[in-house]
Undergrad: 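Submitted below is the structure of interest, expressed as structure tokens.
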Amino acid sequence: MILIAGIPSETPLQLAIHAAELRGFECVVFNQRHTAHNDLVVDYNQGKLTGVLFAGGKEYRLEDFKGVYTRMLEAATLPEFQPSRTRPTDYRALERATFLTDSLRKWIDAAPCRVLNRSAAMLSNSSKPYQAMLINRAGLETPITVVTNDPEQVRAFLAEHDRVIFKSISGVRSIVKELDSERLKHLDKIRNLPTQFQAFVPGFNVRVHVVGSQIFATEIRSEAVDYRYGGRDGHESEMAPFSLPAQVADKCFALARSLDLPLCGIDFKVTPEGRFVCFEVNPSPAYSYYEEATGQDISGAIVEFLKG
Amino acid sequence: MPGPSVSTTRSQGRAKPRPTDAPFPPSWRRGKKIIEGTDLKVLILHDGVDAVAQAVFDLLAARNGSDFAVSVTMAELLRAKRWSHESACSKSRNLLTLENDRVIDLNHVVTFNRLPFATAFQFMRSSPEDRQYAFCETQALLLCWLSSLPGPVVNSCDHFGLAGPQFDHFSWLALAHRAGISTKQLSLTSSLRRFPRPHLRPAEGYVLGRFHGELREPSSVEPASLFSIGGQVFGDPDDLHPAVAKLARLADAEILEIRLSRTTGQERWVFEGADAVPRTLPGATLHALVALLERKLGQLL
């Protein structure tokens, strides 16, 4: 029996639920938007973690779950808790939903079963330069980077490299933009808060999804600096399965293991010289975007991993 | 007035070739008043109201001279004129330039880290969203900077926290159990009606919701604290020293305070909690901590 937690209408969860049904795996869905009708108890006693989840009108023992796939959001961000003109926030319901979500997350983080992914492991993505150090330790190349709030240092960096892009350090509000002549006029604004600058890496994008011992590589061809938001600038993306060199695949597996992220999306640029330059490891990848474009059975791999 | 300046550079990849007689990037030659071959050996990082950091600084100064250690608060760090981590041609250099133009060569110091979570005090007048963004960015910056420090660090950071292991209570309970320390029962229940736990009480300091809450075994009357410093354990009961040392090893913590309690007249001590950044340290543990820092210096020499 596997547990899938989050908002089931979200495509990554939708595909995983469908993949479980196709394979005849028993799948329990914890719908975050139904916390008013769900209940949970988690018990810890001398090294044993047990409990009961009440969802969909039935009770399930937590220790019976073989695997968990979670994409839970903070309860406060759910639509039903946003105030409107006709209805204020129900703070009592929000408090209960927050407690239930946090309790389930605590159990998931400590559960002995397979988990995609534990929230503590996902924190490595909270600092991109920090994560880059971990990526380097796995033997993968990362872009030349400077993190600074000194405009003079940025100008010196720009003089050393043909093209420079910039983005946030934490990943919040992070859309990659190129440092062009127009943005250079506002460079002094970085004195308020350090920003991350990187030498532009030419080449095409490859997204690698690691799911346990399986790997799926997708090539993305796009003119956009950040293909994830290329549509905003009128850029289309084309995707196709990509054959990853064995050496790079081995390093991807090693990286996923070192980060304790059995499910992750690793972003690369492949340069004209054939070098693989790694940008980041996404701990909660929206793999559905790539699966729907290429037919790669990532959702199948997810439920197979959870089943054990 | 120049604002704070923080920079780290990682040169994994290809850059334009540098002149062979200039192994370091030109930006490094802008550093002024570089202190080379000084007595400064220990950098203490803390939040500004830290009795342990102050006590360690005083003890180091008494044993080695007033220039042996420097104490830098979170606020001073965030206002530093320049942080620099650049690497090129297999060489690297880390410099910290404080507001008073004092430059600390981080390649030659041991760092004693007691920084809590980042603050965003410079954005107090900004919108809540901008403050939250600034907090996330500052936390990310500090995590990156602390991870890149070249010298030994006591209370090193990881993505759980800036100083030492910052696990949640369940994780500490699991580790304490593995170390052989008795633990209390704990329940998280979203419905006291559907899942009652009448033998448990609300956790200390926890306000029970109308129908849900965190429940624990009732508190015991007799408290105790033990301290593990670099593998050495201090405090009573001493028959728990091996278990406490094991817990510190499992948590990968060089400094750890372990809180226990028991009911008066009972033999059994139970685990209450652990802290990698204890707010106070008894005398013997303080000397052990300073000795640990001095041992770490040996790794630099």
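Order of the sequence lines fixes the chain letters, A, B, ..., with proteins taken first and strands second; residue numbering starts at 1 for each chain. Small disclaimer: the values here were computed from a predicted structure and weren't measured.
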Undergrad: Would a 4.5 Å heavy-atom cut-off, applied to side chains only, mark A/Tyr130 and B/Leu146 as touching?
TA: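 No; the side chains remain at least 4.5 Å from each other.
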Undergrad: Determine yes or no for a side-chain-to-main-chain donor-acceptor pair under 3.5 angstrom, with B/Glu137 supplying the side chain and A/Ile169 the backbone.
TA: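 Checked: pair present.
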Undergrad: Taking the side chain as every heavy atom from C-beta outward, state whether B/Phe135 and A/Ser170 have any pair of such atoms under 4.5 Å apart.
TA: no
Undergrad: Name the member of A/Phe54, A/Trp107, A/Tyr44 that forms the most heavy-atom pairs with chain B at distances under 4.5 Å.
TA: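 Going by pairs under 4.5 Å, I would pick A/Tyr44.
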Undergrad: Out of curiosity, A/Lys106 NZ to B/Leu186 CG, how far, rounded to the nearest 0.5 Å?
TA: 8.0 Å
Undergrad: Are the side chains of A/Asp43 and B/Phe195 in touch, meaning some heavy atoms are under 4.5 Å apart?
TA: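 Result no, sub-4.5 Å side-chain heavy-atom pair not found.
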Undergrad: When rounded to the nearest 0.5 angstrom, what distance separates OG in B/Ser171 from CZ in A/Arg118?
TA: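 Between atom OG of B/Ser171 and atom CZ of A/Arg118 there are 9.5 Å.
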Undergrad: Please state whether the side chain, the backbone, both or neither of B/Thr183 comes within less than 4.5 Å of a heavy atom of chain A.
TA: both
Undergrad: Below 4.5 Å, heavy atoms only, C-beta onward: do A/Leu49 and B/Phe170 meet side chain to side chain?
TA: yes
Undergrad: What part of A/Ile190 gets closer than 4.5 Å to chain B, counting heavy atoms only: side chain, backbone, both or neither?
TA: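 Contact with chain B involves no heavy atom of A/Ile190 at all.
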Undergrad: Counting neighbours of CG on B/Asp252 that are heavy atoms of other residues, nucleotides or ligands and sit closer than 6.0 Å, is the number greater than 12?
TA: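 No, the 6.0 Å shell around CG holds no more than 12 heavy atoms from other groups.
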Undergrad: With the side chain counted from C-beta on, respond yes when B/Cys144 and A/Met133 share a heavy-atom pair under 4.5 Å apart, and no when they do not.
TA: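 Of all side-chain heavy-atom pairs linking A/Met133 with B/Cys144, at least one is under 4.5 Å.
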Undergrad: Roughly how far, to the nearest 0.5 Å, is NE2 of B/His177 from NZ of A/Lys48?
TA: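 One gets 8.0 Å once the value is rounded to the nearest 0.5 Å.
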Undergrad: Just give me the residue among B/Ala176, B/Ala174, B/Ser187, B/Cys157 that pairs up with chain A most often, heavy atom to heavy atom, under 4.5 Å.
TA: B/Ser187
Undergrad: Set out, in order, the CA-CA distance, both residues' side-chain angles and the distance that settles side-chain contact (heavy atoms from CB on, under 4.5 Å) for A/Ser126 and B/Leu143, then state yes or no.
TA: CA-CA 9 Å; A/Ser126 65; B/Leu143 180 56; 4.0 Å; yes
Undergrad: Examine whether an atom of A/Glu59 lies under 4.5 Å from a heavy atom of chain B, and if so say whether it belongs to the side chain, the backbone or both; otherwise answer neither.
TA: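 Only the side chain of A/Glu59 comes within 4.5 Å of chain B.
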Undergrad: Of the backbone (N, CA, C, O) and the side chain (C-beta and beyond), which part of A/Val52 lies under 4.5 Å from a heavy atom of chain B, both, or neither?
TA: both
Undergrad: Please check if the number of heavy atoms outside B/Glu267 that lie under 6.0 Å from its CD is greater than 12.
TA: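 12 or below, so no.
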Undergrad: Counting only non-hydrogen atoms closer than 4.5 Å, does B/Arg197 touch chain A with its backbone (N, CA, C, O), its side chain (CB onward), both, or neither?
TA: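 The side chain, not the backbone.
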Undergrad: Using 0.5 Å steps for rounding, measure from the CG atom of A/Leu53 to the OG atom of B/Ser190.
TA: 9.0 Å
Undergrad: Could you tell me if the side chain of B/Leu188 sits less than 4.5 Å from the side chain of A/Phe99, heavy atoms only?
TA: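 Of all side-chain heavy-atom pairs linking B/Leu188 with A/Phe99, at least one is under 4.5 Å.
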Undergrad: Under 4.5 Å, counting heavy-atom pairs only, tell me which of A/Asn45, A/Leu100, A/Leu40, A/Asn38 racks up the most with chain B.
TA: A/Leu40
